[in-house]
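Have a look at the structure below before the remarks.
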2 protein chains.
Amino acid sequence: MIRVLIADDQAMVRQGFGALLAAQPDLLVVGDAANGAEAVTAARRLDPDVVLMDIRMPVLDGLAATRQLVGDRPESDRPRVLILTTFDLDDYVYEALRAGASGFLLKDAPAADLVHAVRVVAAGDALLAPAVTRRLIAEFAARPGRDRPRPTSLAGLTPRETEVLRLIARGRSNGEIAAELVVAEQTVKTHVGRILSKLDLRDRAQAVVVAYESGLVTAGD
Amino acid sequence: MIRVLIADDQAMVRQGFGALLAAQPDLLVVGDAANGAEAVTAARRLDPDVVLMDIRMPVLDGLAATRQLVGDRPESDRPRVLILTTFDLDDYVYEALRAGASGFLLKDAPAADLVHAVRVVAAGDALLAPAVTRRLIAEFAARPGRDRPRPTSLAGLTPRETEVLRLIARGRSNGEIAAELVVAEQTVKTHVGRILSKLDLRDRAQAVVVAYESGLVTAGD
DNA sequence: TGTCCTCCTTCTCCGACGGTACGGACGTGC
DNA sequence: GCACGTCCGTACCGTCGGAGAAGGAGGACA
C-alpha cells in the first residue's frame with residue numbers, strides 16, 4: 001500500500017486529487033496540507049511514501065518544503081516528492097530537481113498519468129512531464145561532459161610536472177609547493193619553468209587557466 | 001499518421017516491434033534497418049518521424065547513427081530518435097542523449113509504454129525510462145548549476161572589479177588588461193589590489209582559482 | 001543646492017616573488 | 001652509453017602587489 005500526502009493550498013485540488021488517488025486499490029491518502037510548513041510537519045507525523053507537492057503555496061512554498069523533507073532523513077526511508085504544478089517554468093523545474101524532487105508533473109496531465117507517476121515515484125524511480133524531460137535533456141546535452149580525456153597537450157608533461165601544475169592550480173606559491181613536495185624552492189621553479197615553456201604560457205596564472213580548461217582540476221570539489 | 005523506422009540487428013525484434021506498432025491506427029511502420037548505416041540511408045529516403053534505434057548494431061552502432069541523423073538536418077524536420085536497448089548502462093544513456101536522442105527506453109518495457117513513447121517523441125517531447133530519469137536527475141542535481149547566484153563573496157566586488165577579475169581569469173597581465181579596458185596600468189593595479197584584498201587572496205593566480213570555483217568563469221566555453 | 005559617499009581613475013615608491021638563463025648533480029631504463 | 005626525469009644551485013630582472021595619496025563623476029539624501 002502506497003501512502004500519499006497531498007500538499008496544495010486550494011481545497012478543491014486537494015479533494016480532487018484525493019478522490020482520484022483513493023479510487024486506486026493500492027494507494028492510500030494519509031493526509032493533506034494547505035501549505036509547505038503544514039506539509040513538512042504532516043510528513044513527519046504521517047510518514048508517507050509519496051508527497052504530492054504544489055509549488056505556489058503560502059507560508060512555505062513547495063520548493064523549500066521539498067528541501068526540508070529531503071534534508072530531514074537519509075536516502076533510504078525518505079518520502080518521495082512529486083511536484084505538481086500549473087506552470088512548467090524552467091526555474092521551477094531546475095530548482096525542484098535540485099531540491100530533491102523525484103518527479104515533476106503538470107496539473108493538466110491525465111488522471112492515469114498522475115496515478116502512474118505516484119507508483120513510479122514510490123518505487124524509487126523518477127518521472128517527468130514529457131516537455132520537462134525534453135528541456136532537461138537539452139540542458140544536459142549542452143553541458144560539457146565531465147569525463148573528457150584531457151585533450152590538450154597536458155600529455156607532454158612529466159608526472160612531477162603534472163603534480164606541480166595541480167598545486168599551482170590550487171593557488172599555491174612556489175615556496176608552499178616546495179614545502180609540500182619536500183624539495184628546494186629552486187626545484188619547483190625549474191618545474192614551473194618547464195611547464196610554462198611546454199604549454200607555451202607566460203604566467204602561473206595562465207597555468208591555472210589551462211589546468212581548469214583541460215580538466216586537470218575541476219571547479220567545485 | 002506517425003511514420004516510424006525500426007533499426008535493430010535482430011530480425012525477430014524488428015518483426016515484433018513492427019507488428020506491435022502497426023496495430024495502432026495512428027502509426028505507420030515505413031521501413032526497417034539491420035544496422036546503423038542502413039538506418040541512416042533509410043531515414044534519408046523514407047523520412048520517418050520517429051526512428052526506433054537499438055544501440056548495439058554491427059557496422060555503425062546506434063549512437064553514431066543517431067549523431068548522423070541529428071546532424072543531417074535542421075531542428076525542425078528531423079527524425080526523432082528513440083533509443084531502445086536491453087541495457088541501461090549509464091554511458092549509453094549519457095552518450096545517447098548527447099548524440100541527440102529524444103528518448104531512451106528498455107526493451108523490457110510494456111508494449112503500451114513503447115507506443116506511448118513513440119507518440120510523445122513524435123510530438124517533439126521527450127521520454128525516458130523511469131530508472132533513467134532518476135539517474136539523469138541525480139546527475140543534473142549534482143552539477144553545479146550554471147545559473148547559481150554566485151554564493152561566494154564575489155558580491156562585494158564592484159562591476160569594474162568583476163570585469164577585471166574576469167580578465168585575470170583569462171590569463172591576462174595587468175598591461176593587457178589596461179590596454180583592453182583603455183585605462184592606465186596603474187588603474188588596473190589598483191583594481192587588482194582591491195580584488196585581492198576584498199577576497200583575501202595573495203596572488204592573481206589565486207584570483208583565477210576563485211573565478212573558476214565561484215562560477216564567474218566556466219571551463220569549456 | 002550642498003554634502004556625503006561610492007566608484008573609477010591616476011600617481012609614486014618599493015620590496016618580494018616569479019620567471020629566465022645557465023650549469024650541473026644523480027638515478028632509472030632502454 | 002644515452003636519454004630522460006628529478007633535483008639543486010647562482011645570478012639577473014621584471015612584474016606584481018602593498019601602502020599611501022588624491023582628484024573627478026555620479027547617485028543619495030536632507
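Values below: all heavy atoms of this structure, side chains included; hydrogens, waters and symmetry mates excluded. Quick note on labels: first sequence line is chain A, next is B, and so on, each numbered from 1. Values in this document were obtained by computation on a predicted structure and should not be read as measured data.
If you take CD1 of A/I168 and P of C/dG18, they are 10 Å apart, rounded to a whole angstrom. Look at CG on B/L181: it is 15 Å from C1' on C/dT10, rounded to the nearest Å. Remark: P of C/dA21 and CZ of A/R194 are 12 Å apart, rounded to the nearest angstrom. For A/R172 and C/dC17, the CZ to C1' distance is 17 Å, given to the nearest whole Å. The CZ-C1' distance, from A/R204 to C/dG19, rounds to 10 Å in whole Å. Distance, A/K189 NZ to C/dG24 P: 20 Å, rounded to whole Å.
Ion pairing between A/D49 and A/R3 fails under the 4.0 Å rule for side-chain N and carboxylate O. Salt bridge status for B/E95 with B/R98: absent, with no side-chain N to carboxylate O gap under 4.0 Å. Note on A/E163 versus A/R166: no salt bridge recorded, every NZ/NE/NH1/NH2 to OD/OE distance being 4.0 Å or above. Taking the charged nitrogens against the carboxylate oxygens, B/D8 and B/K107 do have a contact shorter than 4.0 Å, which makes a salt bridge. A/E38 and A/R45 are not joined by a salt bridge, as no carboxylate oxygen comes within less than 4.0 angstrom of a charged side-chain nitrogen.
Note on B/T187: every side-chain N or O is 4.0 Å or more away from OP1 and OP2 of C/dC8. Distances shown here put every side-chain N or O of A/R202 at or beyond 4.0 Å from the OP1 or OP2 atom of C/dG19.
At a threshold of 4.0 angstrom between heavy atoms, the contacts of A/T190 include nucleobase atoms, whether or not backbone atoms are also involved. Using a 4.0 Å heavy-atom criterion, one finds that B/H191 contacts the bases of the nucleic acid, with or without backbone contacts as well.
The number of heavy atoms from other shown groups lying within 6.0 Å of CZ (A/R202) is above 12.
An end-to-end axis angle of 50° holds for the helix from C/dT1-D/dA30 to C/dC30-D/dG1, taken from five base pairs per end and rounded to 10°.
Residue A/L114 holds its CG atom at 5.5 Å from CG of A/L21, rounded to the nearest 0.5 Å.
Between B/Q186 and A/L201, the residue whose closest nucleotide on DNA chain C is further toward the 5' end is B/Q186. Summary of the strand contacts: B/E161 and A/N174 both lie near DNA chain C, and taking for each the nucleotide with the nearest heavy atom, the more 5' one is attributed to B/E161. Nearest-nucleotide positions on DNA chain D for A/T158 and B/E185 put A/T158 closer to the 5' end.
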